[in-house]
Amino acid sequence: EKIAHMLANEDDPFLWVMFVWQWNMIARVSNITTVTFNHMVWSDDHLSTRWSKTKMDQGGKRAFNIALMANPYDWKLCPITALAVWLSCTSISGNAVFPGPKQNKRYSEGFINFLLN
């Protein structure tokens, strides 16, 4: 929680958004960077998403939906708020939520720099 709160106060929301999504999806960074809009759907009171492949499932045969619930008590831990902030600060012209070829490297290097400062 403390890391999410500290990252939310940074100028660039990328690290915070990735961290919150990684935390809420209990996933590797490389999985988070593959999330796409066509795999997202609102289901009752939550956002449901999945990734098409993982390290152990390259074909996506065992893919399952992951429920992302809003956190009305702490916006800095809320994946829905994080997505809204990301969409309002970024110009996205495609299907990927985190477009770009090296977003996991960008996150890893940025997170290490954040921790060292």
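Note that the coordinates shown come from a computational prediction; the quantities given were computed from them, not determined experimentally. Excluded from the calculations below are hydrogen atoms, water molecules and symmetry mates; all remaining heavy atoms, backbone and side chain alike, are included.
- Transitive grouping of hydrophobic side chains (ILVMFWY, heavy atoms separated by less than 4.5 Å) keeps I26 and I66 in distinct clusters.
- The CD1 atom of I32 lies 9.0 Å from the CG atom of N24; values are rounded to the nearest 0.5 Å.
- With sequence neighbours excluded, the residues forming a salt bridge (charged side-chain N to carboxylate O under 4.0 Å, His left out) with D12 are R106, listed by chain and number.
- W23 is linked by a ring pair (Phe, Tyr, Trp, His ring centres under 6.0 Å) to nothing, counting only residues two or more places apart in sequence or in another chain.
- The two residues N71 and D74 have their closest heavy-atom pair at OD1-N, 3.1 Å.
- Counting all heavy atoms, side chain and backbone alike, H46 lies closest to L68 at CB-O, 3.5 Å.
- Between the side chain of W86 and the backbone N or O of W16, no donor-acceptor pair lies under 3.5 Å.
- Rounded to the nearest 0.5 angstrom, E109 CD and K105 NZ are separated by 5.0 Å.
- In this structure, Q103 and T33 approach most closely via the heavy-atom pair CB-CG2, 3.7 Å.
- For the pair K76 and L7, the minimum side-chain heavy-atom distance is 4.5 Å or more.
- Contact between T49 and W21 at its shortest, heavy atoms only, is CG2-CZ3, 4.4 Å.
- Screening L87, T36, T90, L83 for a side chain to side chain contact (heavy atoms under 4.5 Å, CB included) with V97, the sole residue that qualifies is L83.
- Across every non-hydrogen atom of I92 and A96, the tightest pair is CG2-O, 3.5 Å.
- Under the 4.5 Å side-chain heavy-atom criterion for grouping Ile, Leu, Val, Met, Phe, Trp and Tyr, L47 is not connected to V41 through any hydrophobic cluster.
- F19 and I112 fall into different hydrophobic clusters, defined by Ile, Leu, Val, Met, Phe, Trp and Tyr side-chain heavy atoms under 4.5 Å apart, directly or through other members.
- Between L77 and A4 the shortest heavy-atom distance is CD2-CB, 3.5 Å.
- By the 6.0 Å contact criterion, CG on L115 is enclosed, its count of non-hydrogen atoms from other residues, nucleotides or ligands being greater than 12.
- The backbone N or O of N95 lies less than 3.5 Å from no partner atom in the side chain of N38, so there is not a single donor-acceptor pair.
- At least one side-chain heavy atom of D45 sits less than 4.5 Å from a side-chain heavy atom of M69.
- Of the inter-residue distances, the one linking M18 atom CE with F111 atom CZ reads 11.0 Å to the nearest 0.5 angstrom.
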